[in-house]
Amino acid sequence: MIAINEKGYYGEFGGAYIPEMLHPNIEELRQQYVQVMEEPAFQREFRHLLKDYVGRPSPLYLAERLSGHYKATIYLKREDLNHTGAHKINNTIGQILMARRLGKTRIIAETGAGQHGVATATVCALMGIQCIVYMGAVDIKRQAPNVSRMRMLGAEVRPATSGSQTLKDATNEAIRDWINNPVDTHYIIGSVVGPHPYPDMVARFQSVISEEMKWQLEEQTGRENPDAIVACVGGGSNAAGAYYHYLNEKEVRLIAVEAAGHGIHSGESAATSVLGTKGIIHGSRTLLMQTPDGQITEPYSLSAGLDYPGIGPLHAHLIASGRAEAISITDDEALASAFFLSRKEGIIPALETAHAFAALDKMEYSPEDVIVVCLSGRGDKDLDTYIQHFDRF
Ligand SMILES: *Cc1c(COP(=O)(O)O)cnc(C)c1O
């Protein structure tokens, strides 16, 4: 049975390793989150917004040309069709409603590529709540269109100017802000990472993905369970959502796809399940890429959403226990796969998502198998990157 325990552990991974000064904030959330989420009024509002604002249920699409090519039955779970273009909005809608129930009037978030920042700025605008997004100064330069989107939506984007001026520095700034504003502020974390209860709370909000997959598969194939579910893993929130209602269905294979960057052993990758060792990052005990003396290694992936040196504790447990299989995909393999999917199905995937599709070339399966790929997001944001590779594909 795969489930989180009272203290927030999946097996030996998880927990809440936080500075003393954050205890009141985390404790308030921990005591309330399950109860709040289970309130009928909360569920009504969450479901209503998922339906009419996000556009759910997202379709489960039988990709016939892809199925023909791979000689298996392949369905795509279309999170790319959600408002703002990815699965991230499922979580930010849930958390903004949680923040309101807890009486919070100010939202902070961290963002790397800007996708979570945009999803957070969107729901803050929707609710009329102040929004501050911390973002590394280097990322602000690299991700200009998303910075403009956040500003258009009324959010304040604050640069993090310490360290490498990227995601982990933005996270440190957000935590510092939260310590200084414990009463009125909620911190919206963007993936199944961070101290308990965040990984579980985010997984529950994203679990709508597999909840829909169950009835959609039943409707289309006559059975609820596929043979395999494939999803890319940065922190692991789209994967957690796609796996959630199948975690204890052992015959459903769970395939976690990570970014190998320039190659697993190139020194430039984000393949945490292969290179990671046990340690603590952003408040939880998990697998992370670090030097023997515990310095966090700079991760690398062409895809900004997979460029993270850890994985959520649920995924560390799924991989360590053998429940999930990890596959690593290089930048080039992901690019090839993005072009392939675009031309086979008329769907331009996010570069993160392209990693999941590339795994179809590496997995073993039989022709009777039904495989669901979580199409976590659309590729509009990655067009500039794709354009640079037009001559190669
Ligand atoms: C952010 C992002 C990811 C990676 O985040 P997870 O928490 O691992 O899901 C994957 N795909 C897309 C489209 C993203 O925007």
Side-chain angles (χ1 to χ4, degrees), residues 58 76-92 94-95 109-120 122 135 139 143 145-146 149 167 171 188-194 198-199 201-203 205-210 229-244 254-259 270-273 282 284 286-287 299 301-316 318-319 324 326 329 334 337-338 341 347-359 373-383 385:
S58 67
L76 312 185
K77 184 56 174 157
R78 299 291 308 273
E79 296 301 301
D80 61 317
L81 295 176
N82 293 342
H83 180 44
T84 70
H87 65 291
K88 287 194 170 75
I89 191 92
N90 304 326
N91 169 47
T92 57
Q95 285 204 50
E110 85 297 333
T111 197
Q115 295 300 108
H116 174 58
V118 169
T120 303
T122 299
M135 189 169 186
D139 288 337
Q143 311 288 338
N146 275 341
R149 275 183 202 111
L167 177 61
T171 303
I188 299 191
I189 293 183
S191 189
V192 285
V193 300
Y198 279 100
M201 180 171 67
V202 176
F205 286 137
Q206 292 290 1
S207 72
V208 65
I209 299 173
S210 49
I229 302 169
V230 184
C232 64
V233 175
S237 68
N238 86 89
Y243 299 167
Y244 196 89
L254 308 177
I255 316 285
V257 187
E258 294 185 314
T272 311
S273 75
H282 295 144
S284 73
T286 187
L287 292 173
S301 166
L302 183 60
S303 140
L306 302 183
D307 188 355
Y308 184 69
I311 46 173
L314 167 63
H315 296 291
L318 293 177
I319 289 166
I329 296 296
S337 162
L341 183 70
I347 297 170
I348 303 174
L351 192 45
E352 291 82 6
T353 316
H355 287 72
F357 281 94
V373 182
C374 186
L375 213 175
S376 57
R378 65 177 87 125
D380 307 32
K381 69 184 180 63
D382 299 307
L383 263 190
T385 306

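In each ligand, atom 1 is the first atom listed, and ligand 1 is the first ligand listed.
- Ser237 and Lys88 share no side-chain donor-acceptor pair at under 3.5 Å.
- Here the heavy atom of the protein found nearest to atom 4 (C) of ligand 1 is Gly305 O, 3.4 Å.
- Of all atoms in ligand 1, listed by their number and element, those nearer than 4.0 Å to a heavy atom of Ala350 are 13 (C).
- In the candidate list Asn238, Thr111, Asn91, Asp382, Asn238 is nearest to atom 9 (O) of ligand 1, counting heavy atoms.
- Nearest to atom 11 (N) of ligand 1 among the protein's heavy atoms is Ser376 OG, 2.8 Å.
- Remark: Ala350 engages Glu352, Thr353, Lys381, Asp382 in a side chain to side chain contact (heavy atoms under 4.5 Å, CB included) (not counting sequence neighbours).
- For atom 3 (C) of ligand 1, the nearest non-hydrogen atom from the set Lys88, Gln115, His116 comes from Lys88.
- By the side-chain hydrogen bond (donor to acceptor under 3.5 Å, both in side chains) test, Thr111 is found to be paired with no residue, residues two or more places apart in sequence or in another chain being considered.
- In the model, Tyr308 has a side-chain atom that pairs as donor or acceptor with a side-chain atom of His282 under 3.5 Å.
- Ligand 1 does not have Arg378 within reach: every non-hydrogen atom of the residue lies 4.0 Å or more from it.
- Side-chain contact of Gln206 with Asn91: a donor-acceptor pair under 3.5 Å is absent, judged by distance alone.
- What sits closest to atom 6 (P) of ligand 1 on the protein, heavy atoms only, is Ser237 N, 3.3 Å.
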